[in-house]
Every structure is written in structure tokens, then in C-alpha cells.
Protein chains: 2
Amino acid sequence: MAEDEVEPLLDAKLLRLFLLLYQGGSVTRAAEQLGQSQPTISIWLGRLRRSLNDPLFVRTAEGMLPTPRAEALAGPARAALEALRQVSAPEPAFTPGTTRRQFRICMTDASHITLLPRILAKLRDAAPLAQLEVVRIGPDTGHRLQSGEVDLALGFVPELEAGFYQLALYEQDWVCLANRDHPRLGAELTLSDFAAEGHIGIVSGTGHALQEEALQRHRITRRMVLELPGFLGLGAILSTTDLIVTLPRHIGTTLAGLNGLRLYSCPMNVTGFTVKLHWHSRYHQDPANRWLRGMCASLFQGRSPN
Amino acid sequence: MAEDEVEPLLDAKLLRLFLLLYQGGSVTRAAEQLGQSQPTISIWLGRLRRSLNDPLFVRTAEGMLPTPRAEALAGPARAALEALRQVSAPEPAFTPGTTRRQFRICMTDASHITLLPRILAKLRDAAPLAQLEVVRIGPDTGHRLQSGEVDLALGFVPELEAGFYQLALYEQDWVCLANRDHPRLGAELTLSDFAAEGHIGIVSGTGHALQEEALQRHRITRRMVLELPGFLGLGAILSTTDLIVTLPRHIGTTLAGLNGLRLYSCPMNVTGFTVKLHWHSRYHQDPANRWLRGMCASLFQGRSPN
DNA sequence: AGATTGTATTGCTTTTCTCAATAATGGTGG
DNA sequence: CCACCATTATTGAGAAAAGCAATACAATCT
């Protein structure tokens, strides 16, 4: 094992003392400048001498003059102190205006439609040189957050509840969408309408399970006519059929607006969820990450995007 | 006075810890490598975190991963540690064979004749690229030794007894020189011869006072025919006149050999003196100075040069 | 030689450091 | 989903070290 002693390296305070002595040539003066008593400095000097194996400074009528060794060490000592200061220097501020950083955000499909446009607009405004990459949320999102591959995850991602920082943005309830000219539906969508009509199911997204749970609770068996892996093309299908779909309010209102669809509040009581911002503790203090989080929060926190 | 706190700079051991964590990603492992207990390292890490205002390393399944701040500090930290090692690095050895250093030695006039040739020969042999400058001993020799303007003082220099390091080389007694064909002197130089003959006085050199003191002690008044400021030309004068001179043995034998003069032991009991090597404490540890001292000592210590 | 300035040493108090034991935390496997 | 495992953080106590006031010591200047 031979657990050997570590090489003894100089202290920052000893380096400072060395340089003060080198410039000032006085122990007493150095003591004042360091805010210590003179005996203390004398002891520090003794430590310096023992550590460097040289008297370093000798008394003369002109003060404490450096030995050749001290003369030779003045440069390296200055450099070392400077290097130490470098390490302790305050973190350079993050400046969105000039950063060329590439930000990466994990989102659900739904968020691509609802949140991304506003995020991108704000980002291009505040950080015109920055780049944005959007990554689909998946089973390895946690890992990506931890490794720094992505900066944030945005949406309803229950598996990121534990072990990650999170910030609640807004609550979501559920709505239903149907053709504005639906042959059978009136001003209200009733529970019996809901049970009778043909449905489109969106498998993507974690909210899927919430719907299933509500269906069981209401003992409803939907007539599933079409299952889609995402929201792409959903608007076109709805506006040309009599099918209905159940989805979170934010994407519902967006699609209704884009495709001229009819929005109903959901007759079945589907449990709402919270859209959150997730990040890993590793990047909790990172200025760029903090800034991005702040931007998202300022856009969405408290109020639904629609 | 508002004696403000000094900026807290990192310790060498904290730097080492930082780098070990950065590479190893484990507090426990770092503790082993640093030869400390794990709790101690945990506390050190806490100090690092407080000092740098960042968690620096966060727990993950892959160990303690660095935050962006830690990532950014790894380089500077390495540099700082390297700079500290530089300061504590052992002094580079002095290599006489390759040095181009200019050595400067203060000598008495006498030593120019007696010691310098052998010093120069040895120096050119051991340090062929070095330069030698000889400076006459004077009232400011002490200052020159202190300031580093000269490396050594060599000879009988009572004013350098206090406050300087010194090394005794050899003892000197006094001799008299006269023309080998002197009209009145025989095999021995008696005290009455000494009192009767005409003398040459050498004012240079501190030994002058010793002669005066001896003259008073013996109640002799010399007939001073010629006073010279140094030894230059002395041989020529002695070999062409009937004058006698009193001087230290080493220069006496040298001049006698060079000029074919007759050497007498001095009939008057002049107090001997010690030829010493003098240097200032400031250069006591300087390898070059030490080497030069050692060279002089090896040449002259213990035995007179003649 | 005495006075003065400046550095080193001493004795003591306060602070800091370190470790063993233990708690807390996050990840993992049954 | 809970219990276990590995690892980090915290606590308390004993030991070591730092810092200061007083003082001794050394060199210089008047």
C-alpha cells in the first residue's frame, strides 16, 4: 500500500505573504497588509522557509532582501497566485444576446404543436445566435437530462418526477374535438353522445393512461375507429369525418383553431395533469440552463398557452 | 481603516480533491487516494462547494458527475495545481560546466598577485563558460556583498567580521624582502638591521595598521624612503636598491620568487592575521555562490598558497 | 554606549481539523 | 412497490494547529 505523504504545496496565504515580502521587504508591513499580527507573519515566514528550504529573505539595513532562490521564485509565485485567482474567479455571466449555444429540449408530441412555436419565437428574439434542437421524449430522457445531452424536458412526464428538479407550469384538463358540421352533435357533448360516437385514439403521450383510467371509472367502452401514433393529420381527419377525439385542452384549442373544429368540454371526468419543466440537478446552477428555464417559465408558468 | 477580508482562495488540497473527483467521480475513492477518511473528504467537498458557489459534482448512477461549472474549472484547476508545484519544485542544480554566470570577487591588492592566478585557473577548468570579474576591496565592499554586486570578498578585511558569513582560509605571518645582493645584510635580518635600513611602505591593505602597531610596541621608528599605494613595481625597486619592505608571507614569497629577492623572517613581531572568505547571508544558500566558495576553500583552506 | 526599529520566540486561548459512528440519499433487484 | 445496497452527508469528541499579546533578541542609527 505504501500510502505515502502527499507533497506539501504552498498555501495561498503563504504565496501572498511571499510576494508582499518580495515587494515590501518588511514583515511588519506585510502583517498589516494581510491583517495579521506580526508574530503570525513571522511564523508564516518560518513555514515558507522550511517549506522551500531557503531563508528566502534576510535582514539588512534596507529591509528583508530576497535571496537568489526568492528572486527565482517570485515569478512562479506570482503565476501560481494568479492561477488560483483564476479558479476562484466568478463565473462569467451568460449573455443570451451573443451566445451560440445549442439548446436541446425534450418535448411530447403535443408540445411540438402547442409550446414550441412560442419558445422558438422568444428564443430567436432573446438569443438570435443560439440554436434549438427538439428531441422527442422517450424512455431515455432521464439519461439525456443527466448527461447534458438535453437541457430540459417539457410536458407531462411522470417518470421524471423523482430525482429531477421540476417546475410546474400549468394544469391541463381534457376536451373533445369534433367536426363543426357533425351530423348528430349539438351544443353540448353528453356522456351518452360520447359513448355512442366513434373515436380516434392517440396512443402517443403519457396522458393516454389517464383516459383509460377514466373510461374504466365511468364503465364506458369507446368505439375506437382509428388509432394514431401522434397528432399529425388529426385535424384533417376530424374535419372530414364524424369521429371525435379526446385530448388535453391546450392542444385541443390549438387544433380547433387551426382546423375549424368544434371544441367540447369532455363529458367524462378525465383526471387532469400538470405540465412541468424537468431538469437534472447537475445543471441546476448552470447559467445557460437557468436562463432557458426562466424563459420557459416566463412563457408558460401559471397560464395555459391557450 | 476598513481592513477588509482577503479573498478566499482555494487550498492545494482542495484543488487536488477537485481534480480527483473530476477524474474519478467518487468521494470514497478520492478519500483513499488522498489518504483521508471519507467524511473528511465530504467536508472538503462541502468547502469546495461553498467556496465556488456551485454543487460542482452531483450524485448519479454513474458516480459524481461534474456540473458545467466544474467542467469549466477543470482546466484552470489543473493549471493552478501545476503552478503551485512549480513553486515548490526543487531548485534547479547549479552546473558549473555549462554556466555562463559572471562571478565577482572582491580582493585585496595582495591577493591579485597571490590568489587570483590559481582561482582563475581552477575556474576556467571547472566552469569554462563562466566569467570572472575582480573588484578591489573598498569601504563599500559590505554593501556590494549584500546587494549581490559581488559574490565574495577574499582577504584580511576586519570590517567584514560582523554581520557576514566568513570562512578562515589560512594564517599569515610577516616577512621582509630585500635585494639578494644587499651591501649590508647577511643571512639573518636582525632587529637593528631593520631599524637602520631604509624602508618601503605599502599603504594599501588593512595589514598596514598591524605593522604600525608592531613598530610602536617595539619603539622603532623606521626610516621610510618610499611609500607605494600597492605592490605594483615593488620587485623592480627592491632589486635595484638597498631598501627593505615588510609584507605578509604569501606575497613575500611570491615576489621573492618572481624577482630573485631575498626573504627574511621579520625581526619585528608583527601580529599575524587570518585570510578569510566573506559573503553575505543573502547568498548563503545560493548554489552558485556556494560552489564558488567551495572552490576557493578547496584551493586555499588550511594551507597558505606558498 | 543607549535608543530605536524590526524580527523571532513563548505561553496560552480559540479555532479548526480529523475520524469513528451514524444518518440520509439515491439506485437497484427481488 | 418495498427492502436492500452502495455511497455521500452529518454529528460529536478528541487532537492538532493557528493566532495573538507579551517578550526576547538582533541590528542599526544617533
Side-chain angles (χ1 to χ4, degrees), chain A residues 3 5-6 8 11-14 16-18 20-21 24-51 55-67 140 142-143 145-147 158-166 280-282 284, chain B residues 3 5-6 8 11-14 17-18 20-21 24-51 55-67 142-143 145-146 159-165 280-282:
Chain A
E3 193 60 74
E5 309 258 315
V6 280
D11 211 340
K13 65 183 184 185
L14 291 188
R16 259 194 282 256
L17 169 60
F18 178 90
L20 284 175
L21 281 177
S26 160
V27 170
T28 305
R29 194 131 23 96
E32 289 166 7
Q33 295 175 280
L34 289 171
Q36 301 288 108
S37 72
Q38 175 269 317
T40 297
I41 295 307
S42 214
I43 286 173
W44 289 11
L45 176 54
R47 212 172 299 161
L48 266 176
R49 285 170 168 161
R50 220 163 317 115
S51 181
L56 297 173
F57 300 94
V58 298
R59 275 189 86 160
T60 73
E62 288 95 59
M64 301 288 273
L65 291 187
T67 66
D140 56 349
H143 256 92
L145 283 172
Q146 174 188 297
S147 72
E159 62 265 34
L160 294 181
E161 299 280 315
F164 291 87
Y165 282 85
Q166 49 190 281
H280 192 267
S281 58
R282 188 174 173 190
H284 188 60
Chain B
E3 190 63 71
E5 309 258 313
V6 280
D11 211 340
K13 65 184 184 185
L14 291 187
L17 169 60
F18 178 91
L20 284 176
L21 281 177
S26 159
V27 171
T28 305
R29 194 132 22 96
E32 290 166 6
Q33 295 175 279
L34 289 171
Q36 301 288 111
S37 73
Q38 174 270 318
T40 296
I41 295 307
S42 214
I43 286 173
W44 289 11
L45 175 54
R47 211 172 299 162
L48 266 176
R49 286 170 166 161
R50 222 163 316 115
S51 181
L56 298 173
F57 300 94
V58 299
R59 274 187 87 162
T60 75
E62 288 94 58
M64 301 289 272
L65 291 187
T67 66
H143 256 94
L145 283 173
Q146 176 187 297
E159 62 266 32
L160 294 182
E161 300 280 316
F164 291 87
Y165 281 86
H280 192 266
S281 58
R282 189 176 172 188

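Numbered from 1 within each chain, the chains take letters A, B, ... in sequence-line order. Everything numeric in this text was worked out from a predicted model, so none of it was measured. FYI, side chains are in, hydrogens and waters are out, and symmetry mates aren't considered; it's all heavy atoms of this structure.
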- Message: For a quick check of understanding: with a heavy-atom distance under 4.0 Å over all strands, which category does A:Leu45 fall into, base, sugar-phosphate or nothing?
- Response: sugar-phosphate

- Item | Atom-pair distance (NE2 on B:His280; C1' on D:dA27), nearest Å | 11 Å

- Atom CD of B:Glu62 and atom P of D:dT7: how far apart are they, to the nearest Å? 14 Å

- Item | Phosphate OP1/OP2 of C:dT5: any A:Thr28 side-chain N/O under 4.0 Å | no

- Message: Can you classify the ring geometry of A:His280 versus A:Phe164 as parallel (below 30°), tilted (30 to 60°) or perpendicular (above 60°)?
- Response: perpendicular

- Whole-Å distance, B:Met64 CE to C:dG26 P, equals 12 Å

- Task: Send over the distance from A:Leu56 CG to C:dA8 P, rounded to a whole Å.
- Result: 11 Å

- Roughly how far apart are B:Leu145 CG and B:Tyr165 OH, rounded to 0.5 Å? 13.5 Å

- Item | Separation of atom CG in B:Leu17 from atom P in C:dC17, rounded to whole Å | 14 Å

- Note on the structure: Smallest heavy-atom separation, B:Leu48 atom then B:Leu14 atom, equals CD1-O, 3.8 Å

- Message: For the backbone of B:Val58 and the side chain of A:Arg282, can you confirm whether one donor and one acceptor N or O come within less than 3.5 Å of each other?
- Response: no

- Spacing between B:Glu32 atom CD and D:dT7 atom P, to the nearest angstrom: 10 Å

- Message: Between P on D:dT7 and CD1 on B:Ile41, what's the gap in Å once rounded to a whole number?
- Response: 16 Å

- Could you tell me whether A:Arg49 contacts a base, only the sugar-phosphate backbone, or nothing, with contacts defined as non-hydrogen atoms closer than 4.0 Å? sugar-phosphate

What's touching nucleotides 3-6 of chain D from the protein side, N or O pairs under 3.5 Å?
none

List every contact pair, protein side and nucleotides 18-20 of chain D side both N or O, where the distance is under 3.5 Å.
from: D:dA18; atom 1: OP1; to: A:Arg47; atom 2: NH1; distance (Å): 3.4
from: D:dG19; atom 1: OP2; to: A:Trp44; atom 2: NE1; distance (Å): 2.8
from: D:dC20; atom 1: OP2; to: A:Ser37; atom 2: N; distance (Å): 3.0
from: D:dC20; atom 1: OP2; to: A:Ser37; atom 2: OG; distance (Å): 3.0
from: D:dC20; atom 1: OP2; to: A:Thr40; atom 2: OG1; distance (Å): 2.6

- Query: If you look at every strand shown and take non-hydrogen atoms under 4.0 Å, does A:Thr60 touch a base, only sugar-phosphate, or nothing?
  - Reply: nothing

- Atom CD of B:Gln146 and atom P of D:dA27: how far apart are they, to the nearest Å? 13 Å

